[in-house]
Amino acid sequence: MTDNISDALSSSSSSSSSSSSVPSPSPSPSASRSVSLLGLGAMGTAFARAWLAAGYSVTVWNRTAGRADALAAEGATAAASAAEAVAANALVVTCLLDDASVGAALEGADLTGKDLVDLTTGTPGQARARGERAAAHGARFLSGGIMAVPPMVGVPEAGGYVFYSGSPELFETHRAALAVPVGTRYVGADAGHAALQDVALLSGMYGMLAGITHAFALVRGEAEISLKEFTPLLTGWLMSMSPVVEQVAAQLESGDYTSDVVSNLAMQVAGVQTFVGTAREQGVSPELLTPYFDLMTRRLEGGHGAEGVTGLADLLTRDGNG
């Protein structure tokens, strides 16, 4: 949770990216200990149980009504329709399959005066459009990007949290309730910023998983290489490479892509054939790596051999000529 929420409240058009933690706040005087939750998949169910365990009054709805039975037995109120769930409480949380599911669930519901928090995975553009629709129907809106898996919900030491962006007033009012399932990080009044940072972090994760997958594919066929012994080597290597994240950020901010470069692009591209050749010798497709290698080669051909790999970001966001 950020410590700059008062600044955000003073100017709803300002956007904050701070994510420093502060102790769990006391509820706002205007907040109640009740919440309506639409969507009871694994994540929605975990959130509902966390609120119930904390003593909140929880009204739940799911398109497949049977999913609410277990929660009803634990003290939740099962609504017969999404509109009924919305009507039950000021704080309405959606945790559904996709943005279209949110639109379908809220169709016909009276959002006037409601505080709508959407935890459904979507794009920044979808979050902004959902916020505009909510405002048009008299509701405040907050978008959330969940950085956790269901087993982390209700377990503070697990380190899970949700990015929130949108109405700072809504966040201030309900931040205690929102902090019950997992931690909270308010990242600004732009409703799209929670989804953007969520997807950015997950994109980094998938890139790492691609490398891990390729690494194991290379060695697993070798009888004399124990995957059990190889695993801590890979883990240690990836951890030792983590400072590159800060280096890339510093270079992007400064615009100097040659500062503190240890292994320049020319040197790295010269080694590409070794990686591709090794994969082929091991009977492994290099397809997880070759798109990145292709970007490296394009950047080098653009005359940037003295850089590291930071400039590859320019190829992704500009006209492709570096």
Side-chain angles (χ1 to χ4, degrees), residues 1-3 5-6 8-9 12 21-40 43-62 68 70-96 102 105-106 108-120 130-131 133-135 137-144 146 148 153-154 156 160-186 189 191 194:
M1 185 178 303
T2 62
D3 55 8
I5 187 65
S6 59
L9 283 167
S12 62
S21 297
V22 298
S24 297
S26 299
S28 166
S30 60
S32 64
R33 293 176 61 83
S34 61
V35 57
S36 291
L37 175 65
L38 282 62
L40 299 176
M43 187 63 77
T45 297
F47 269 59
R49 287 195 166 120
W51 277 313
L52 287 169
Y56 279 71
S57 173
V58 183
T59 299
V60 297
W61 172 85
N62 193 74
L71 290 171
E74 296 172 29
T77 299
S81 67
E84 181 181 309
V86 170
N89 297 295
L91 176 59
V92 178
V93 178
T94 55
C95 190
L96 296 161
V102 177
L106 295 178
D110 184 3
L111 294 177
T112 306
K114 299 297 180 179
D115 284 336
L116 178 62
V117 179
D118 186 17
L119 301 181
T120 304
R130 180 65 54 196
R133 285 191 288 269
H137 287 83
R140 296 188 297 190
F141 180 76
L142 204 61
S143 178
I146 303 175
V153 176
Y161 61 89
V162 176
F163 284 125
Y164 286 106
S165 63
S167 169
E169 294 84 4
L170 189 165
F171 182 78
E172 175 66 12
T173 299
H174 297 290
R175 56 179 178 160
L178 297 175
V180 168
V182 292
T184 62
R185 301 196 179 196
Y186 182 78

Closest heavy-atom contact between [X] and [Y]?
| X | Y | result |
| --- | --- | --- |
| S36 | N89 | OG-ND2, 2.8 Å |
| G144 | Y164 | CA-CD2, 4.1 Å |
| L96 | T120 | N-OG1, 3.0 Å |
| L37 | G44 | CD2-O, 3.1 Å |
| W61 | A105 | CZ3-CB, 3.9 Å |
| A148 | G160 | CB-CA, 3.9 Å |

### Query
Is a side-chain N or O of Y161 found less than 3.5 angstrom from the main chain of A179, in a donor-acceptor match?
no
Would you say the side chain of [Y] lies within less than 4.5 Å of the side chain of [X], judging by non-hydrogen atoms?
| X | Y | value |
| --- | --- | --- |
| L119 | M43 | no |
| F47 | V35 | no |
| V93 | W51 | yes |
| D115 | L142 | no |
| Y56 | V180 | yes |
| L106 | L116 | yes |
| L178 | V162 | no |

### Message
Nearest 0.5 angstrom please: D118 CG to T94 OG1, how far?
### Response
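Taking CG in D118 and OG1 in T94, the distance rounds to 3.5 Å.
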### Query
Can you tell me how far CZ of F171 sits from OG of S165, rounded to the nearest 0.5 angstrom?
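S165 atom OG to F171 atom CZ measures 10.5 Å (nearest 0.5 Å).
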### Counterpart residues, side-chain contact (heavy atoms from CB on, under 4.5 Å), relative to S167 (two or more places apart)
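Checked S167 against side-chain contact (heavy atoms from CB on, under 4.5 Å); matches are R140, E169, L170.
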### Message
Suppose the criterion is salt bridge (Lys or Arg N to Asp or Glu O under 4.0 Å): which pairs have a residue in residues 44-62, not counting sequence neighbours?
### Response
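For residues 44-62, and leaving out neighbouring residues, the salt bridge (Lys or Arg N to Asp or Glu O under 4.0 Å) pairs sorted by first residue read R49-E74.
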Identify all side-chain donor-acceptor contacts of residues 80-88 below 3.5 Å with residues at least two apart in sequence or on another chain.
residue : atom : partner : partner atom : Å
S81     : OG   : E84     : N            : 3.1
E84     : OE2  : A80     : N            : 3.3

